Amino acid sequence: MSRGAVAVVAVVLLAAGCGVPVAGGPLPTLASLPDPTTGASPASAPVTTTAASTTTTAGPEPATAGNPAGNAVVPPEAAAVDTAEPTRVIGTGTPASCTSDAVVAAVAAGGVIAFDCGPDPVTIDMTATAKVRNDTGPRTVLDGGGLVTLSGSGRHRIVYQNTCDRAQGITTSHCQDQDHPHLVIQNITLADGDSAGDSTGDSAGGDTGGGGGGAVFVRGGRVKVVNTTFRDNRCDPAGPDLGGAGMRVLSQFRGAPVYVVSSTFEGGRCANGGALSGIGVSWVVLNSVLRGNSAIGHGANPARAGTPGGGSGGAIYADGNEFTVRIAGSVVEDNEAAEGGGAVFFVSNDRTGTLRVEGSVLRRNPSAGFETPGYKGIFFLGAATPSVSGSTIQ
């Protein structure tokens with residue numbers, strides 16, 4: 001957030017506590033869409049990847065991710081990837097064959113990754129973070145088939161991609177703006193990830209990016225999530241700009257947006273951004289649910305004297321210069337911020353950024369410190385005022 005930008009900007013003034021129902025026509029119906037990915041198709045037959053045994057247990061029946069009542073149209077590039085012919089398969093048909101080591105090895109190798117852990121839901125306790133290599137191909141697709149939960153067990157971040165991390169291979173001279181790799185996370189649950197104390201990732205420009213991202217940290221290339229549940233993830237509880245208990249994303253190729261489609265984020269806790277956090281990154285959140293997440297820091301950004309900073313964006317924390325946030329066909333509810341923006345904290349330092357809310361419901365998202373009058377749960381500093389259509393904000 002730019003210095004001195006903590007003052008609340010008055011926009012459309014409504015009585016405190018009143019909802020903001022906005023009339024608008026229905027959004028088009030979600031259609032069946034083709035595989036949007038680009039790059040070479042896998043040339044090899046599926047390769048089974050297994051490793052030494054780690055804890056894998058029968059998991060609970062997975063809940064349906066996202067908002068089934070959402071009707072925002074999903075563009076082709078945001079749709080799920082076809083995994084009928086995976087490059088590699090984790091497991092050999094039993095829960096015991098699906099291990100943390102196997103997941104780490106498969107993600108490092110890249111390609112289209114599927115699981116064969118048997119017919120029932122399983123939880124794989126990750127003993128290390130699965131890290132995407134930058135030199136293994138144009139994309140890494142992690143597809144749990146709706147049966148797999150990867151658990152950080154409250155000790156580990158679950159998935160990491162960073163094009164500027166030398167340990168993962170440097171492939172261009174412009175790591176902060178390169179088109180690969182593409183990371184796709186779909187049909188899976190990521191739970192109990194925790195990046196607290198892990199400073200890999202320095203948003204100020206260091207090689208490894210700055211912390212945050214309890215379940216997923218991405219810097220560079222592209223990333224999208226489809227039909228994925230993020231549950232009870234954590235990152236550092238203090239810091240003016242650190243965030244993203246579910247996802248922390250920086251430096252997407254040519255400013256392309258991060259798509260979050262038919263996914264659920266619940267129970268995330270971090271200094272900022274209980275679900276999502278980005279610096280200069282655009283987000284498109286479609287037919288999703290962000291519920292019960294918290295920004296628990298104290299002191300805002302810039303941090304007030306005598307405080308560690310943080311506490312903004314109960315669900316979404318978006319900061320930087322030119323970027324956009326679009327929320328469509330989604331439900332954002334019961335999130336909270338210790339400072340500003342119980343639902344969304346949005347600060348465009350050069351005031352070029354835009355926020356759009358379409359066909360969505362934002363409700364019960366308290367901001368303990370500040371929010372923009374007339375937009376309950378939202379703190380907005382950007383171009384004009386937020387665009388709201390076919391939605392209720394209360």
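By convention here, the first residue in the shown sequence is residue 1. Keep in mind the model is a prediction, meaning the values are calculated, not measured.
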Look at the side chain of Ser360 and the backbone N and O of Gly329, then say whether any donor-acceptor pair between them is shorter than 3.5 Å. yes
Donor-acceptor pair, distance only, cut-off 3.5 Å: does the side chain of Ser282 make one with the backbone of Pro257? no
For the residue pair Gly243 and Cys270, what are the closest heavy atoms and their distance? CA-SG, 3.6 Å
Has the side chain of Ser151 got a donor or acceptor atom that lies under 3.5 Å from a matching backbone atom of Ser153? yes
Got a donor-acceptor contact below 3.5 angstrom from the Asn287 side chain to the Val261 backbone? no
In the single-linkage hydrophobic clustering (I, L, V, M, F, W, Y; side-chain heavy atoms under 4.5 Å), do Val132 and Val104 co-cluster? yes
Please step through side chain to side chain contact (heavy atoms under 4.5 Å, CB included) for the pair Ile158 and Thr129, ending with a clear verdict. CA-CA 5 Å; Ile158 300 170; Thr129 300; over 6 Å; no
So, Arg356 versus Ser387: side-chain donor-acceptor pair below 3.5 Å or not? no
Does a side-chain heavy-atom distance below 4.5 Å link Tyr259 with Pro75? yes
Under 4.5 Å between any side-chain heavy atoms of Arg351 and Leu381, yes or no? yes
CG of Asp165 to CZ of Arg219, rounded to nearest 0.5 Å, is 9.5 Å
Please name the pair of heavy atoms, one in Leu190 and one in Ala215, separated by the smallest distance, quoted to 0.1 Å. CB-CB, 4.3 Å
Nearest heavy-atom neighbours spanning Gln178 and Thr163: NE2-CG2, 3.5 Å
Expected output: side-chain Thr264 to main-chain Thr229 donor-acceptor under 3.5 Å: no
Hydrophobic clusters here meaning ILVMFWY residues chained together by side-chain heavy-atom distances under 4.5 Å, can you tell me if Ile316 and Ile296 are in one? no
Distance (rounded to the nearest 0.5 Å) between His156 NE2 and Asp192 CG: 12.0 Å
Assess the residue pair Gln186 and Asp143 against the criterion (side chain to side chain donor-acceptor pair (under 3.5 Å)); give the C-alpha distance rounded to whole Å, side-chain angles, the decisive distance to 0.1 Å, and a yes or no. CA-CA 5 Å; Gln186 61 186 41; Asp143 189 321; 2.6 Å; yes
Donor + acceptor pair across side chains of Ser262, Asn227 (<3.5 Å): no
Without swapping roles, check the side chain of Thr307 against the backbone of Arg304 for a donor-acceptor pair under 3.5 Å. yes
Any Val260 side-chain heavy atom under 4.5 Å of Leu286 side chain: no
d(Tyr317 OH, Leu242 CG) to nearest 0.5 Å is 9.5 Å
When clusters are formed by joining ILVMFWY residues with side-chain heavy atoms under 4.5 Å apart, either directly or through shared neighbours, do Leu276 and Val289 land in the same one? no
Any donor-acceptor pair under 3.5 Å from Ser391 side chain to Val361 backbone: no
Considering only heavy atoms from C-beta outward, does the side chain of Gln394 approach that of Lys376 to under 4.5 Å? no
Parallel, tilted or perpendicular: rings of Phe345 and Phe370 (30°, 60°): perpendicular
Note, Ile378 side chain near Ile393 side chain (heavy atom, < 4.5 Å): yes
Under 3.5 Å, is there a donor on one side chain and an acceptor on the other for Ser348 and Asp350? yes
Nearest heavy-atom contact between Val223 and Val258 is O-CG1, 3.7 Å
For the residue pair Ala337 and Gly314, what are the closest heavy atoms and their distance? CB-N, 3.9 Å
Do Ser330 and Asn67 pass the side chain to side chain contact (heavy atoms under 4.5 Å, CB included) test, and can you show the C-alpha distance, the side-chain angles, and the key distance before you say yes or no? CA-CA 6 Å; Ser330 297; Asn67 177 26; 5.5 Å; no
Do Lys131 and Tyr160 meet the cation-pi criteria used here (NZ or CZ under 6.0 Å from the six-membered ring centre, within 45° of the axis)? yes
Spell out, as yes or no, whether a donor-acceptor pair under 3.5 Å connects the side chain of Asn272 to the backbone of Ser312. yes
Between the side chain of Arg157 and the main-chain N/O of Gly213, is any donor-acceptor distance below 3.5 Å? yes
Applying a strict under-4.5 Å side-chain criterion to I, L, V, M, F, W and Y, I'd like to know whether Phe230 and Leu183 cluster together. yes
Looking at side-chain heavy atoms only, is the closest gap between Ile113 and Thr140 below 4.5 Å? yes
Value for CD (Glu358) from CZ (Arg326), rounded to nearest 0.5 Å, stands at 4.0 Å
Straight-line distance of Ser97 OG to Phe115 CZ, nearest 0.5 Å: 11.0 Å
Please confirm whether the ring centroid of Phe346 lies under 6.0 Å from the ring centroid of Phe323. yes
Are Val331 and Val284 grouped together when hydrophobic residues (ILVMFWY) are joined by side-chain heavy atoms under 4.5 angstrom apart? no
So do Arg231 and Thr189 actually touch side chain to side chain, heavy atoms under 4.5 Å? yes
Answer yes or no: is there a side-chain heavy-atom contact under 4.5 Å between Val184 and Arg222? no
Apply side chain to side chain contact (heavy atoms under 4.5 Å, CB included) to the pair Arg269 and Arg234, showing each step before the final yes or no. CA-CA 5 Å; Arg269 293 170 64 85; Arg234 303 285 184 267; 3.5 Å; yes
Pairing of Arg364 and Asp334 as salt bridge, 4.0 angstrom limit: yes
Mark yes or no for whether Asn293, through its side chain, and Phe265, through its backbone, hold a donor-acceptor pair below 3.5 Å. yes
Closest approach of Val216 and Val218, non-hydrogen atoms and distance? CG1-CG2, 3.8 Å
Could you walk me through whether Leu142 and Ile188 pass the side chain to side chain contact (heavy atoms under 4.5 Å, CB included) test, one step at a time? CA-CA 8 Å; Leu142 188 64; Ile188 199 166; 4.3 Å; yes
About how many Å separate CZ of Arg248 and OG of Ser277, when rounded to the nearest 0.5 Å? 4.0 Å
